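Below you'll find the structure, written out as structure tokens, and then a few comments.
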Amino acid sequence: MRLIFAGTPEVALPSLRTLIDSAEHEVIAVVTRPDAPAGRGRTLHRSPVGALADEHGIEVLTPEKAGAPEFLDRLRELEPDCCPVVAYGAMLPQRTLDIPRHGWVNLHFSLLPAWRGAAPVQAAVRAGDEVTGASVFRIVKPMDAGPVFGVVTETVRPTDTAGELLERLSISGAALLAATMDGIAAGTVEARPQPEDGVSYAGKVTVEDAKADFGLPALAVDRLVRSVTPEPGAWAEFRGERLKLGPLTLVEAETLPPGELKVERKRVLVGTASSPVALGEVQAQGKKRMAATDWARGVRPEQGERLG
């Protein structure tokens, strides 16, 4: 089939690479978000998907809006059979969805109808899900509600960060997306409606959402921190400034008041509503990331000082 791939961040690259390498399909163009400023100089940079397409000599389309007339005209000229999508990052209006013969087919990193929305992997980690996965479905106007072609499952490991889990799902999901494209071309797959029960939503995670609340039990604090690692990154306040937090360790130790610090020779503990947790790496404002013990030797927390 003639494919136009839509995606933007690095998590979409395994799928794009798999489809480029496929002998059954031709990626004739990619659609990605417009070049964005990055770095200290705030110079414009191509998205990861756009950069990979450039390497392969594939046409890159960067519409400001996915319903722009000039963009729709170019889609019609290219005559795609299907448009696979992975983390594109913009809504697709119906007039755009109607162009390819087999529609727009999305790889979403949850077992739909669970965790529809922008941040399904973060939501699964924070909720303590033991199993999650990825789904390939046909895009319809309601968000993430289209009929599903197939799924893959993935165990959520006790120490998984959202980044680690998403990396595994991006690889297994790429194989699922490619198999779905094969099945659509051969007429051997059928999209089935999502069940009405079990719908849940995972909204975009903000920096404020990533603030650690040590008034929660240790398990909840641990899940929250892992769910926002690496993006947007967990943090807490210390002496009026933000302290970025890496993944924590659940430990057995005497209880401490929520947020209270206790510096030991080989670890730095923080109290929660249940047992304490041990800090991993931290990063103070204007400083490099470092082990919590090295940070504590520099700032010398006083007895009774707290995070939060």
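Side chains are part of it too, since the values below use all heavy atoms of this structure and drop only hydrogens, waters and symmetry mates. Values in this document were obtained by computation on a predicted structure and should not be read as measured data.
- For an aromatic pair to be called close, the ring centres must be under 6.0 Å apart, and W104 with F137 fails this.
- Side-chain contact between L97 and I139: present, with at least one pair of heavy atoms (C-beta onward) separated by less than 4.5 Å.
- Summarising the local packing, CD of Q283 is surrounded by more than 12 heavy atoms from other residues, nucleotides or ligands at distances under 6.0 Å.
- Looking at heavy atoms from C-beta onward, F71 lies in side-chain contact with T96 at the 4.5 angstrom threshold.
- Two residues are said to be in side-chain contact when any heavy atoms from C-beta on lie closer than 4.5 Å; Y201 and M143 meet this criterion.
- For the pair Q122 (side chain) and G203 (backbone), a donor-acceptor distance under 3.5 Å is absent.
- Side-chain contact between V268 and L261 is present, with heavy atoms from C-beta onward closer than 4.5 Å.
- Between the T293 side chain and the K266 main chain, no donor and acceptor come within less than 3.5 Å of each other.
- Here the straight-line distance linking atom CG of L165 with atom CD of E167 works out to 10.5 Å at 0.5 Å rounding.
- Using a distance-only test at 3.5 Å, with no hydrogens or angles considered, no donor-acceptor pair links the side chain of D182 to the main chain of A179.
- The CE atom of M1 lies 11.0 Å from the CD1 atom of I28; values are rounded to the nearest 0.5 Å.
- The pair R74-E59 meets the salt-bridge criterion, since a charged nitrogen lies less than 4.0 angstrom from a carboxylate oxygen.
- Using a 4.0 Å cut-off between charged side-chain N and carboxylate O, D222 and R226 make a salt bridge.
- Between L92 and A66 the shortest heavy-atom distance is CD2-CB, 3.7 Å.
- Contact check on R2 versus D81 returns no salt bridge, with no Lys/Arg side-chain nitrogen under 4.0 Å from an Asp/Glu carboxylate oxygen.
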Requested in this report: Tell me, with the steps shown, if V60 and T62 meet side chain to side chain contact (heavy atoms under 4.5 Å, CB included).
Outcome: CA-CA 7 Å; V60 178; T62 58; 3.8 Å; yes
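- The main-chain N or O of P276 is never found under 3.5 Å from a side-chain atom of T272 such that the two would form a donor-acceptor pair.
- In this structure a side-chain-to-backbone donor-acceptor pair under 3.5 Å is missing from S47 to T32.
- Of the residues T153, T155, V156, V121, the one that meets the side-chain contact (heavy atoms from CB on, under 4.5 Å) test with T132 is V156.
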Report task. Just do the side chain to side chain contact (heavy atoms under 4.5 Å, CB included) check on F214 and V221 with the steps written out, would you? Result -> CA-CA 6 Å; F214 293 100; V221 177; 3.9 Å; yes
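- Taking 4.5 Å as the limit, every side-chain heavy atom of P100 sits out of range of all side-chain heavy atoms of I4.
- By the 4.0 Å N-to-carboxylate-O rule, D160 lies close enough to R168 to be salt-bridged with it.
- For the atom pair CG of L61 and CG of L75, the computed distance is 6.5 Å after rounding to the nearest 0.5 Å.
- Counting only heavy atoms from C-beta outward, the side chains of P195 and P113 approach each other to under 4.5 Å.
- Judged by distance alone, with hydrogens and angles left aside, the side-chain atoms of S135 form no donor-acceptor pair with the main-chain N or O of H108 at under 3.5 Å.
- Taking OG of S170 as the start and CZ of F109 as the end, the distance is 6.0 Å to the nearest 0.5 Å.
- Remark: E196 CD is loosely packed, at most 12 non-hydrogen atoms of other residues, nucleotides or ligands lying under 6.0 Å away.
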Report task. Please step through side chain to side chain contact (heavy atoms under 4.5 Å, CB included) for the pair N106 and V136, ending with a clear verdict. Result -> CA-CA 5 Å; N106 189 54; V136 172; over 6 Å; no
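- Salt bridge absent: R95 and D98 never bring a charged side-chain N and a carboxylate O closer than 4.0 Å.
- Using a cut-off of 4.0 Å between Lys/Arg side-chain N and Asp/Glu carboxylate O, D54 and R46 are scored as salt-bridged.
- The pair E305-R239 counts as a salt bridge, with a side-chain nitrogen and a carboxylate oxygen less than 4.0 angstrom apart.
- The CZ atom of R289 lies 8.5 Å from the CG atom of L245; values are rounded to the nearest 0.5 Å.
- In this structure, the side chain of H25 does not engage the main chain of L19 through any donor-acceptor pair within 3.5 Å.
- At most 12 heavy atoms of other shown residues, nucleotides or ligands fall within 6.0 angstrom of atom CZ in R192.
- Counting only distance, with no hydrogens or angles, the side chain of D213 and the backbone of G215 share a donor-acceptor pair below 3.5 Å.
- Contact detail for A134 and L111: the closest heavy-atom pair is N-CD2, 4.0 Å.
- For E302, the CD atom counts as loosely surrounded, since its 6.0 Å shell holds 12 or fewer non-hydrogen atoms of other residues, nucleotides or ligands.
- Clustering ILVMFWY residues whenever any of their side-chain heavy atoms sit less than 4.5 angstrom apart, transitively, puts I184 in the very cluster that holds V86.
- To the nearest 0.5 Å, atom NE2 of residue H102 and atom CG of residue L3 are 10.0 Å apart.
- Between the R267 side chain and the A278 main chain, no donor and acceptor come within less than 3.5 Å of each other.
- A side-chain donor-acceptor contact under 3.5 Å links Q285 to the backbone of R242.
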